[in-house]
Q: 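Encoded as C-alpha coordinates, here's the structure I'll be asking about.
Computed from a predicted structure; not experimentally measured. Proteins get letters first, then strands, A, B, ... in listed order; numbering begins at 1 in each.
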2 protein chains.
Amino acid sequence: MISDCYDPAMSERVGGKPPSGVAFLLTQVGTHAARRFAERVAELDITPPVAGLLRSIATGPGRSQQAVADELGLLPSRLVAFVDDLERRGLVERRRNADDRRQYALWLTADGQALLGRIGRTGREHELDLTRSLDDGERAQLGALLARIAEDQGLTPHVHPGFSSLK
Amino acid sequence: MISDCYDPAMSERVGGKPPSGVAFLLTQVGTHAARRFAERVAELDITPPVAGLLRSIATGPGRSQQAVADELGLLPSRLVAFVDDLERRGLVERRRNADDRRQYALWLTADGQALLGRIGRTGREHELDLTRSLDDGERAQLGALLARIAEDQGLTPHVHPGFSSLK
DNA sequence: TATTGTTATACTCTATAACTATA
DNA sequence: TATAGTTATAGAGTATAACAATA
(Lines give C-alpha, C1' and ligand atoms only; values in the text may rest on other atoms or scores of the structure.)
Protein backbone atom coordinates (compact mmCIF):
# COMPACT_ATOMS: atom_id res chain seq x y z
CA MET A 1 0.00 0.00 0.00
CA ILE A 2 0.39 2.60 -0.33
CA SER A 3 1.55 3.65 -3.71
CA ASP A 4 0.17 6.34 -5.97
CA CYS A 5 1.93 5.80 -9.23
CA TYR A 6 -0.43 7.63 -11.49
CA ASP A 7 0.36 11.20 -12.39
CA PRO A 8 -2.67 13.49 -12.71
CA ALA A 9 -0.48 16.13 -14.35
CA MET A 10 0.27 13.97 -17.36
CA SER A 11 -3.27 12.97 -18.18
CA GLU A 12 -4.46 16.51 -17.71
CA ARG A 13 -1.97 17.48 -20.35
CA VAL A 14 -3.67 14.96 -22.63
CA GLY A 15 -7.18 15.86 -21.50
CA GLY A 16 -6.78 19.57 -22.11
CA LYS A 17 -6.44 21.70 -18.97
CA PRO A 18 -3.03 22.70 -17.62
CA PRO A 19 -1.62 20.41 -14.93
CA SER A 20 -0.91 21.34 -11.34
CA GLY A 21 0.14 17.99 -9.91
CA VAL A 22 0.50 18.99 -6.27
CA ALA A 23 -1.22 15.78 -5.19
CA PHE A 24 1.20 13.62 -7.11
CA LEU A 25 4.21 15.56 -5.85
CA LEU A 26 2.94 15.03 -2.31
CA THR A 27 2.78 11.24 -2.70
CA GLN A 28 6.10 11.16 -4.53
CA VAL A 29 8.05 13.27 -2.04
CA GLY A 30 6.18 11.76 0.93
CA THR A 31 7.03 8.24 -0.13
CA HIS A 32 10.64 9.24 -0.64
CA ALA A 33 10.76 10.80 2.84
CA ALA A 34 9.35 7.64 4.42
CA ARG A 35 11.83 5.46 2.55
CA ARG A 36 14.84 7.55 3.49
CA PHE A 37 13.81 7.57 7.14
CA ALA A 38 13.43 3.78 7.05
CA GLU A 39 16.94 3.47 5.64
CA ARG A 40 18.31 5.68 8.38
CA VAL A 41 16.71 3.90 11.33
CA ALA A 42 17.64 0.53 9.81
CA GLU A 43 21.16 1.34 11.02
CA LEU A 44 19.73 1.27 14.56
CA ASP A 45 18.20 -2.16 13.78
CA ILE A 46 14.63 -0.92 13.91
CA THR A 47 11.83 -0.11 11.49
CA PRO A 48 9.72 3.07 11.40
CA PRO A 49 6.73 1.38 13.09
CA VAL A 50 8.98 0.30 15.96
CA ALA A 51 10.34 3.84 16.25
CA GLY A 52 6.76 5.13 16.52
CA LEU A 53 5.94 2.49 19.10
CA LEU A 54 8.93 3.42 21.27
CA ARG A 55 7.94 7.07 21.15
CA SER A 56 4.35 6.22 22.06
CA ILE A 57 5.46 4.20 25.09
CA ALA A 58 7.82 6.99 26.16
CA THR A 59 5.09 9.62 25.84
CA GLY A 60 2.57 7.65 27.90
CA PRO A 61 4.43 5.05 29.97
CA GLY A 62 2.59 2.30 31.85
CA ARG A 63 -0.36 2.00 29.51
CA SER A 64 -1.81 -1.35 28.40
CA GLN A 65 -1.00 -2.85 25.00
CA GLN A 66 -4.56 -2.21 23.85
CA ALA A 67 -4.32 1.46 24.79
CA VAL A 68 -1.11 1.84 22.80
CA ALA A 69 -2.45 -0.16 19.85
CA ASP A 70 -5.55 2.01 19.90
CA GLU A 71 -3.57 5.25 19.87
CA LEU A 72 -1.44 4.14 16.94
CA GLY A 73 -4.37 2.54 15.13
CA LEU A 74 -2.67 -0.82 14.75
CA LEU A 75 -3.97 -4.31 15.37
CA PRO A 76 -3.33 -5.81 18.81
CA SER A 77 -1.96 -8.93 17.15
CA ARG A 78 0.65 -6.86 15.31
CA LEU A 79 1.69 -5.08 18.48
CA VAL A 80 2.39 -8.37 20.25
CA ALA A 81 5.12 -9.28 17.77
CA PHE A 82 6.71 -5.84 18.09
CA VAL A 83 6.70 -5.92 21.90
CA ASP A 84 8.01 -9.51 21.90
CA ASP A 85 11.00 -8.39 19.86
CA LEU A 86 11.63 -5.22 21.89
CA GLU A 87 11.40 -7.15 25.16
CA ARG A 88 13.88 -9.78 23.93
CA ARG A 89 16.27 -6.94 23.08
CA GLY A 90 15.88 -5.41 26.54
CA LEU A 91 14.36 -2.16 25.26
CA VAL A 92 10.83 -2.53 26.63
CA GLU A 93 9.41 -4.17 29.72
CA ARG A 94 6.00 -5.81 30.26
CA ARG A 95 4.62 -5.51 33.82
CA ARG A 96 1.42 -7.21 34.98
CA ASN A 97 -1.28 -4.79 36.12
CA ALA A 98 -2.11 -5.73 39.75
CA ASP A 99 -5.67 -4.36 39.49
CA ASP A 100 -6.51 -6.25 36.30
CA ARG A 101 -4.16 -9.16 35.75
CA ARG A 102 -5.26 -9.54 32.12
CA GLN A 103 -3.38 -6.37 31.23
CA TYR A 104 0.30 -5.71 30.69
CA ALA A 105 1.70 -2.23 31.31
CA LEU A 106 4.44 -1.17 28.89
CA TRP A 107 7.59 0.63 30.04
CA LEU A 108 10.83 1.68 28.39
CA THR A 109 14.08 0.38 29.90
CA ALA A 110 17.15 2.60 30.22
CA ASP A 111 18.46 1.05 26.99
CA GLY A 112 15.12 1.81 25.35
CA GLN A 113 15.33 5.44 26.37
CA ALA A 114 18.91 5.68 25.08
CA LEU A 115 17.77 4.23 21.76
CA LEU A 116 14.95 6.75 21.59
CA GLY A 117 17.54 9.48 21.94
CA ARG A 118 19.50 8.11 19.00
CA ILE A 119 16.26 7.91 16.99
CA GLY A 120 15.68 11.59 17.75
CA ARG A 121 19.09 12.53 16.41
CA THR A 122 18.42 10.41 13.32
CA GLY A 123 15.13 12.23 12.82
CA ARG A 124 16.83 15.61 12.98
CA GLU A 125 19.43 14.54 10.41
CA HIS A 126 16.61 13.27 8.21
CA GLU A 127 14.74 16.55 8.53
CA LEU A 128 17.80 18.61 7.64
CA ASP A 129 18.78 16.49 4.66
CA LEU A 130 15.29 16.31 3.20
CA THR A 131 14.77 20.08 3.31
CA ARG A 132 18.36 21.13 2.60
CA SER A 133 17.31 22.89 -0.62
CA LEU A 134 15.03 25.29 1.31
CA ASP A 135 15.96 28.27 3.47
CA ASP A 136 14.45 28.73 6.93
CA GLY A 137 11.55 30.84 5.69
CA GLU A 138 10.64 28.38 2.97
CA ARG A 139 10.86 25.45 5.37
CA ALA A 140 8.44 27.20 7.74
CA GLN A 141 6.16 28.06 4.82
CA LEU A 142 6.10 24.44 3.65
CA GLY A 143 5.38 23.26 7.18
CA ALA A 144 2.47 25.66 7.52
CA LEU A 145 0.89 24.63 4.21
CA LEU A 146 1.28 20.91 5.01
CA ALA A 147 -0.17 21.43 8.49
CA ARG A 148 -3.18 23.16 6.94
CA ILE A 149 -3.81 20.23 4.60
CA ALA A 150 -3.28 17.72 7.40
CA GLU A 151 -5.85 19.44 9.59
CA ASP A 152 -8.34 19.91 6.76
CA GLN A 153 -8.06 16.25 5.80
CA GLY A 154 -8.63 15.13 9.39
CA LEU A 155 -5.22 13.56 10.02
CA THR A 156 -4.32 12.83 13.63
CA PRO A 157 -1.34 14.92 14.76
CA HIS A 158 1.86 12.91 15.29
CA VAL A 159 0.27 9.64 14.19
CA HIS A 160 1.30 8.24 10.88
CA PRO A 161 -1.52 6.98 8.64
CA GLY A 162 0.62 3.93 7.86
CA PHE A 163 -0.42 2.67 11.27
CA SER A 164 -4.06 2.77 10.40
CA SER A 165 -6.51 -0.02 9.82
CA LEU A 166 -8.49 1.13 12.83
CA LYS A 167 -11.23 -1.34 12.19
CA MET B 1 7.61 -0.22 3.02
CA ILE B 2 6.78 2.64 3.09
CA SER B 3 5.72 3.82 6.44
CA ASP B 4 7.35 6.46 8.54
CA CYS B 5 5.54 6.31 11.82
CA TYR B 6 8.07 8.02 13.97
CA ASP B 7 7.66 11.70 14.64
CA PRO B 8 10.92 13.66 14.83
CA ALA B 9 9.04 16.63 16.25
CA MET B 10 8.09 14.77 19.41
CA SER B 11 11.49 13.44 20.30
CA GLU B 12 13.06 16.79 19.61
CA ARG B 13 10.72 18.16 22.21
CA VAL B 14 12.19 15.59 24.61
CA GLY B 15 15.74 16.08 23.38
CA GLY B 16 15.75 19.83 23.75
CA LYS B 17 15.61 21.80 20.50
CA PRO B 18 12.31 23.06 19.11
CA PRO B 19 10.70 20.75 16.56
CA SER B 20 10.08 21.56 12.93
CA GLY B 21 8.65 18.25 11.70
CA VAL B 22 8.37 19.04 8.00
CA ALA B 23 9.74 15.60 7.14
CA PHE B 24 7.10 13.85 9.22
CA LEU B 25 4.33 16.04 7.80
CA LEU B 26 5.50 15.12 4.31
CA THR B 27 5.24 11.38 4.97
CA GLN B 28 1.93 11.80 6.79
CA VAL B 29 0.24 13.94 4.14
CA GLY B 30 1.91 12.03 1.30
CA THR B 31 0.67 8.70 2.60
CA HIS B 32 -2.80 10.13 3.03
CA ALA B 33 -2.76 11.45 -0.55
CA ALA B 34 -1.71 8.06 -1.92
CA ARG B 35 -4.40 6.29 0.09
CA ARG B 36 -7.18 8.63 -0.99
CA PHE B 37 -6.16 8.29 -4.63
CA ALA B 38 -6.18 4.49 -4.29
CA GLU B 39 -9.71 4.66 -2.87
CA ARG B 40 -10.86 6.81 -5.77
CA VAL B 41 -9.47 4.67 -8.58
CA ALA B 42 -10.74 1.52 -6.82
CA GLU B 43 -14.17 2.63 -8.10
CA LEU B 44 -12.76 2.17 -11.62
CA ASP B 45 -11.61 -1.35 -10.60
CA ILE B 46 -7.93 -0.51 -10.80
CA THR B 47 -5.06 0.15 -8.42
CA PRO B 48 -2.61 3.07 -8.54
CA PRO B 49 0.18 0.94 -10.10
CA VAL B 50 -2.20 -0.09 -12.88
CA ALA B 51 -3.17 3.55 -13.44
CA GLY B 52 0.52 4.41 -13.78
CA LEU B 53 1.04 1.53 -16.18
CA LEU B 54 -1.85 2.63 -18.41
CA ARG B 55 -0.47 6.15 -18.54
CA SER B 56 3.00 4.85 -19.38
CA ILE B 57 1.66 2.76 -22.28
CA ALA B 58 -0.40 5.72 -23.54
CA THR B 59 2.61 8.05 -23.40
CA GLY B 60 4.89 5.68 -25.30
CA PRO B 61 2.75 3.15 -27.20
CA GLY B 62 4.24 0.10 -28.88
CA ARG B 63 7.18 -0.37 -26.50
CA SER B 64 8.27 -3.76 -25.18
CA GLN B 65 7.33 -4.95 -21.69
CA GLN B 66 10.93 -4.60 -20.58
CA ALA B 67 11.08 -1.00 -21.77
CA VAL B 68 7.93 -0.15 -19.82
CA ALA B 69 9.07 -2.06 -16.73
CA ASP B 70 12.38 -0.24 -16.94
CA GLU B 71 10.76 3.19 -17.13
CA LEU B 72 8.55 2.51 -14.13
CA GLY B 73 11.29 0.73 -12.21
CA LEU B 74 9.24 -2.38 -11.60
CA LEU B 75 10.17 -6.03 -11.98
CA PRO B 76 9.36 -7.70 -15.32
CA SER B 77 7.70 -10.54 -13.42
CA ARG B 78 5.33 -8.08 -11.75
CA LEU B 79 4.45 -6.42 -15.02
CA VAL B 80 3.40 -9.73 -16.57
CA ALA B 81 0.60 -10.15 -14.05
CA PHE B 82 -0.62 -6.58 -14.60
CA VAL B 83 -0.65 -6.94 -18.39
CA ASP B 84 -2.33 -10.36 -18.15
CA ASP B 85 -5.17 -8.78 -16.21
CA LEU B 86 -5.48 -5.71 -18.43
CA GLU B 87 -5.46 -7.86 -21.57
CA ARG B 88 -8.21 -10.11 -20.17
CA ARG B 89 -10.28 -6.97 -19.53
CA GLY B 90 -9.74 -5.73 -23.09
CA LEU B 91 -7.87 -2.57 -22.03
CA VAL B 92 -4.41 -3.44 -23.35
CA GLU B 93 -3.19 -5.43 -26.34
CA ARG B 94 0.02 -7.49 -26.74
CA ARG B 95 1.42 -7.58 -30.31
CA ARG B 96 4.43 -9.68 -31.35
CA ASN B 97 7.34 -7.62 -32.62
CA ALA B 98 8.08 -8.88 -36.18
CA ASP B 99 11.74 -7.83 -36.01
CA ASP B 100 12.43 -9.55 -32.69
CA ARG B 101 9.85 -12.20 -31.96
CA ARG B 102 10.89 -12.43 -28.31
CA GLN B 103 9.28 -9.06 -27.63
CA TYR B 104 5.68 -8.01 -27.15
CA ALA B 105 4.66 -4.46 -28.04
CA LEU B 106 2.06 -2.95 -25.69
CA TRP B 107 -0.88 -0.90 -26.98
CA LEU B 108 -3.97 0.61 -25.40
CA THR B 109 -7.35 -0.42 -26.82
CA ALA B 110 -10.16 2.10 -27.31
CA ASP B 111 -11.61 0.94 -23.99
CA GLY B 112 -8.21 1.43 -22.39
CA GLN B 113 -8.02 4.99 -23.66
CA ALA B 114 -11.53 5.70 -22.40
CA LEU B 115 -10.56 4.38 -18.98
CA LEU B 116 -7.46 6.59 -18.99
CA GLY B 117 -9.75 9.57 -19.55
CA ARG B 118 -11.83 8.61 -16.51
CA ILE B 119 -8.63 8.21 -14.48
CA GLY B 120 -7.65 11.74 -15.50
CA ARG B 121 -10.93 13.14 -14.24
CA THR B 122 -10.48 11.19 -11.00
CA GLY B 123 -7.00 12.67 -10.63
CA ARG B 124 -8.32 16.20 -11.03
CA GLU B 125 -11.02 15.59 -8.40
CA HIS B 126 -8.34 14.18 -6.11
CA GLU B 127 -6.12 17.19 -6.63
CA LEU B 128 -8.93 19.64 -5.92
CA ASP B 129 -10.13 17.86 -2.81
CA LEU B 130 -6.67 17.39 -1.32
CA THR B 131 -5.73 21.06 -1.70
CA ARG B 132 -9.18 22.55 -1.08
CA SER B 133 -7.92 24.39 2.02
CA LEU B 134 -5.40 26.37 -0.08
CA ASP B 135 -5.99 29.28 -2.45
CA ASP B 136 -4.45 29.33 -5.92
CA GLY B 137 -1.32 31.18 -4.82
CA GLU B 138 -0.68 28.83 -1.92
CA ARG B 139 -1.24 25.77 -4.12
CA ALA B 140 1.35 27.09 -6.58
CA GLN B 141 3.72 27.89 -3.73
CA LEU B 142 3.39 24.38 -2.30
CA GLY B 143 3.94 22.86 -5.74
CA ALA B 144 7.11 24.91 -6.24
CA LEU B 145 8.58 23.94 -2.86
CA LEU B 146 7.78 20.25 -3.40
CA ALA B 147 9.26 20.35 -6.90
CA ARG B 148 12.44 21.85 -5.48
CA ILE B 149 12.76 19.04 -2.92
CA ALA B 150 11.94 16.40 -5.53
CA GLU B 151 14.67 17.67 -7.83
CA ASP B 152 17.21 18.06 -5.04
CA GLN B 153 16.54 14.52 -3.82
CA GLY B 154 16.96 13.11 -7.32
CA LEU B 155 13.40 11.88 -7.86
CA THR B 156 12.40 11.02 -11.42
CA PRO B 157 9.65 13.36 -12.69
CA HIS B 158 6.27 11.69 -13.09
CA VAL B 159 7.47 8.33 -11.76
CA HIS B 160 6.32 7.28 -8.36
CA PRO B 161 9.01 5.86 -6.03
CA GLY B 162 6.57 3.13 -5.04
CA PHE B 163 7.45 1.52 -8.35
CA SER B 164 11.10 1.36 -7.47
CA SER B 165 13.36 -1.56 -6.78
CA LEU B 166 15.20 -0.71 -10.00
CA LYS B 167 17.84 -3.38 -9.70
C1' DT C 1 25.65 -17.61 -25.04
C1' DA C 2 22.39 -13.72 -24.07
C1' DT C 3 17.77 -11.79 -23.83
C1' DT C 4 12.34 -11.51 -23.50
C1' DG C 5 8.76 -12.94 -21.38
C1' DT C 6 7.04 -16.23 -18.07
C1' DT C 7 6.40 -19.34 -14.05
C1' DA C 8 7.39 -20.85 -9.46
C1' DT C 9 8.66 -19.70 -5.07
C1' DA C 10 9.66 -17.24 -0.83
C1' DC C 11 9.48 -13.59 2.36
C1' DT C 12 7.28 -9.68 4.38
C1' DC C 13 3.16 -7.05 5.78
C1' DT C 14 -1.31 -7.01 6.87
C1' DA C 15 -5.85 -8.72 8.36
C1' DT C 16 -9.14 -12.27 10.55
C1' DA C 17 -10.46 -15.47 13.57
C1' DA C 18 -9.80 -18.67 17.21
C1' DC C 19 -7.73 -19.61 21.68
C1' DT C 20 -6.17 -18.61 27.07
C1' DA C 21 -6.50 -16.45 31.19
C1' DT C 22 -8.56 -13.43 33.72
C1' DA C 23 -12.62 -10.59 34.98
C1' DT D 1 -20.37 -13.35 29.22
C1' DA D 2 -16.95 -10.17 28.09
C1' DT D 3 -12.14 -8.43 27.68
C1' DA D 4 -6.58 -8.46 27.22
C1' DG D 5 -3.36 -10.68 25.24
C1' DT D 6 -1.83 -14.34 22.23
C1' DT D 7 -1.50 -17.70 18.42
C1' DA D 8 -2.49 -19.48 13.86
C1' DT D 9 -3.53 -18.60 9.37
C1' DA D 10 -4.54 -16.51 5.02
C1' DG D 11 -4.10 -12.88 1.78
C1' DA D 12 -1.73 -9.01 -0.47
C1' DG D 13 2.69 -7.06 -2.21
C1' DT D 14 7.34 -7.73 -3.40
C1' DA D 15 11.68 -9.99 -4.55
C1' DT D 16 14.65 -14.05 -6.55
C1' DA D 17 15.66 -17.67 -9.40
C1' DA D 18 14.70 -20.95 -12.92
C1' DC D 19 12.58 -21.92 -17.42
C1' DA D 20 11.03 -21.72 -22.70
C1' DA D 21 11.34 -19.38 -26.92
C1' DT D 22 14.03 -16.59 -29.71
C1' DA D 23 18.14 -14.15 -31.01
Q: Closer than 4.0 Å, any side-chain N/O of A:Arg94 to the OP1 or OP2 of D:dT6?
A: yes

Q: Take atom CG of A:Leu75 and atom P of D:dG11, then tell me their distance rounded to the nearest Å.
A: 17 Å

Q: With respect to the side chain of B:Val80, which nucleotide from C:dG5, C:dT16, C:dT22 is positioned closest?
A: C:dG5

Q: Starting from P on C:dA15, measure out to CG on A:Leu79 and report it in whole angstrom.
A: 14 Å

Q: Can you see if the side chain of B:Arg102 gets near the phosphate of D:dA23 - specifically, an N or O under 4.0 Å from OP1 or OP2?
A: no

Q: Let me know the distance between CZ of B:Arg35 and P of D:dG13, rounded to the nearest Å.
A: 14 Å

Q: Is any side-chain heavy atom of A:Gln65 closer than 4.5 Å to one of A:Arg94?
A: yes

Q: Among C:dA15, D:dG5, D:dA21, which is the nearest nucleotide to the side chain of A:Tyr104?
A: D:dG5

Q: Would you say A:Gln66 reaches D:dA4's phosphate, i.e. side-chain N/O to OP1/OP2 under 4.0 Å?
A: yes

Q: Is any NZ, NE, NH1 or NH2 atom of the basic residue among A:Asp129 and A:Arg40 found under 4.0 Å from an Asp or Glu carboxylate oxygen of the other?
A: yes

Q: Can you tell me how far C1' of D:dT22 sits from CG of B:Asp99, to the nearest Å?
A: 13 Å

Q: What about B:Ser77: does its side chain form a donor-acceptor pair under 3.5 Å with the base of D:dT14?
A: no

